[in-house]
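Input: a single structure, listed below in structure tokens.
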Amino acid sequence: YIDLKEYENAESDYQYFIQKDPDSALLRYRLAEIYRAQGKVEKALSIFKEALNSHADPAKPLKQIAEIYAEKGEFKEAIRLCDEQEKKHPDNLQIPLIKVAVFMQERNYGMAEKVLAALISEHPKSFEPFMALADLHMNRQDARQDYGAALKMYQKALEIDPGNIEARMKMAFIYKSLQDDEKAADSYRALLKVNDSYAPALNDLAYLYTEMGQDLDEALELAKKAQQLIPGSPEIADTLGWIYLKKGSLLMADKYLKEAIREKPGEPLFHYHSGLVLYQEKNFKGAAAAFKESMRLGLDKEELTSAKNLLAKMKAPDPIQEDMIQDLENAMENKDYSLALKLAKKARQQMPEDSEIADKLGYIYLKMDSLLLAKSNLDDAVKMMPGNPVFRYHLGLVLYQGNDFAGARNELQKAIKMGLDEKKASEARELLRKSQKKES
């Protein structure tokens, strides 16, 4: 009931349990958690205060009370209560750490740092004060925010507790924020050596590899493993969609991004990625709608710039380029490869990042028996869109013509596996048969 946010039903059940066992501190504590989730703060506060004297670990109700007071802006009362409980339970490390959290929320960073310095001195073998000090350096909202100092503290925590997953994840976050992707990847890889089934790290590393434009096959394996561990995660579905988009498998990308948006419609990045798929499919109306929705939901950073640029490009397409591409397609359809070559070379100069133009130019060179130039352009097309089966097929044709039968088989097999249409797939299978016969 709590997971479904059906708090009234959960409350009813707990009330029933409490009637059966009225002295259970745990049941009353759980009931107070439900009251807090419902917004019945005073009811919750009353029970949490009672639990301070009856709960096996007083830090748990204290944390709830301190958070409620901090949310209400009553920081002094939260600190007073922490001091009171610290005197009663001087050996409970969690109580001063709760006080640090209150100081952090109050933005009283000086007092937070002072308490943590004392805790580190008193508990040199505990990783928790180092983690809290690292969080302070990383999250403080003033000019003294210091990622370098945070990294040092997380490293100290790891020296005490090498298996600390939270420290590795936060270090990876900092490295990504500093745009040091290699060190971020190192942090994820180190974490996965400790626990190779930690889905958030698997997913984040897969996404990072995709952003870096490398190891897309490994990224896909990591994301698939993460999905097996957390099947319904919209974040993992988005990562899978993003990988398939980068690999050029638009159908698979669309499938996973729709799933991500269905599960979490308020996430702007998912709509942005969906817009990129629609843009690649030349569905400009759908792409524009997706980009606008992502911006409405709060898209930021470089993705916002990209969405704005693509929207502007769709609003004002270059008519000269559009006419040139149409003329190129007509020339290729009519097998006028001399004209097609002239148009494709011009288009490639104007649109060097367009993978389809690179593929067309490579295919024209193939038809004109310029195998070296054909391979150069088709290599570029495959690098830009490694999951496009047609590009792989054309590259396989070039390699076959150049008697590189092993290379041709590799590309043709990939093209078939990636979903080459049946006519081309049949031709590819025939070439595979011929290449094996010629080699033998």
Side-chain angles (χ1 to χ4, degrees), residues 1-6 10 33 37 127-128 131 134-135 138 154 157-158 161-177 180-274 276-277 294 297 303 386-387 417-419:
Y1 283 137
I2 291 169
D3 285 344
L4 294 169
K5 294 184 169 52
E6 294 181 13
E33 287 182 316
F127 68 87
E128 291 177 285
M131 290 289 292
D135 289 348
M138 184 172 76
Y154 286 132
L158 284 168
D161 178 24
N164 192 314
I165 285 175
E166 184 185 357
R168 298 265 185 215
M169 288 294 285
K170 288 186 173 180
M171 288 175 75
F173 172 82
I174 290 175
Y175 284 129
K176 283 193 294 182
S177 300
D180 192 338
D181 291 340
E182 287 298 336
K183 284 189 178 178
D186 286 343
S187 292
Y188 288 128
R189 286 190 285 259
L191 188 160
L192 291 170
K193 284 181 182 177
V194 175
N195 182 352
D196 64 359
S197 295
Y198 189 65
L202 289 165
N203 181 61
D204 286 0
L205 182 57
Y207 194 92
L208 183 61
Y209 279 155
T210 311
E211 289 282 274
M212 294 164 74
Q214 64 185 45
D215 299 316
L216 290 179
D217 289 335
E218 185 178 351
L220 186 57
E221 290 305 310
L222 291 167
K224 283 181 175 178
K225 184 175 179 180
Q227 190 188 43
Q228 288 174 350
L229 293 163
I230 312 178
S233 167
E235 286 76 16
I236 296 172
D238 172 69
T239 298
L240 283 163
W242 187 222
I243 294 167
Y244 278 118
L245 171 60
K246 288 285 188 175
K247 286 172 72 70
S249 300
L250 300 183
L251 193 64
M252 293 295 287
D254 183 61
K255 172 192 167 186
Y256 282 108
L257 290 168
K258 280 179 177 173
E259 180 184 324
I261 291 169
R262 184 173 62 250
E263 294 297 322
K264 196 174 181 180
E267 174 53 54
L269 194 62
F270 300 172
H271 292 275
Y272 168 72
H273 288 160
S274 178
L276 293 178
V277 172
S294 72
L297 291 168
E303 288 84 5
K417 188 178 178 182
M418 287 172 180

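Starting from 1, each residue takes its place in the sequence as its number.
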Contact summary for [X] and [Y], nearest pair of heavy atoms:
X    : Y    : result
L208 : A184 : CD2-CB, 3.8 Å
F127 : A157 : CB-O, 3.8 Å
L202 : A226 : CB-CB, 3.9 Å
A260 : F270 : O-CD1, 3.6 Å
L269 : Y207 : CD2-OH, 3.3 Å
I236 : A223 : CG2-O, 3.6 Å

List the steps, then state whether side-chain contact (heavy atoms from CB on, under 4.5 Å) holds for W242 with E211. CA-CA 9 Å; W242 187 222; E211 289 282 274; 2.9 Å; yes
Might you confirm whether atom CG of L4 has over 12 heavy atoms from other residues, nucleotides or ligands at distances under 6.0 Å?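 Yes, enclosed.
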Hey, are the side chains of [X] and [Y] touching, using non-hydrogen atoms and a 4.5 Å cut-off?
X    : Y    : result
L158 : M171 : yes
P162 : V194 : no
L222 : N203 : no
K255 : L240 : no
M131 : N164 : yes
T210 : D215 : no
S197 : K225 : yes

Kindly assign one of parallel, tilted or perpendicular to the pair Y256 and Y244, based on the angle between their ring planes and the thresholds 30° and 60°. parallel
Do H271 side-chain atoms and G266 backbone N/O form a donor-acceptor pair below 3.5 Å? no
Look up atom [atom1] in [X] and atom [atom2] in [Y], then write down how far apart they are to the nearest 0.5 Å.
X    : Y    : atom1 : atom2 : result
K5   : I2   : NZ    : CD1   : 10.5 Å
D254 : S249 : CG    : OG    : 12.0 Å
E182 : Y175 : CD    : OH    : 12.5 Å
I165 : N195 : CD1   : CG    : 4.5 Å
E128 : D135 : CD    : CG    : 11.5 Å
E259 : D238 : CD    : CG    : 10.5 Å

Under the side-chain contact (heavy atoms from CB on, under 4.5 Å) criterion, do I243 and T239 qualify, and how do the steps go? CA-CA 6 Å; I243 294 167; T239 298; 3.9 Å; yes
Using distance alone, with no hydrogens and no angle criterion, decide if Y209 and K246 have a side-chain donor and acceptor under 3.5 Å apart. no
Carboxylate-amine/guanidinium contact K183 D186, below 4.0 Å: no
The test is side-chain contact (heavy atoms from CB on, under 4.5 Å); show your working for H273 and V277 and say whether it passes. CA-CA 7 Å; H273 288 160; V277 172; 6.0 Å; no
Using the side-chain contact (heavy atoms from CB on, under 4.5 Å) rule, take E267 and E235 through it: C-alpha gap first, then chi angles, then the decisive distance, then the call. CA-CA 9 Å; E267 174 53 54; E235 286 76 16; 5.8 Å; no
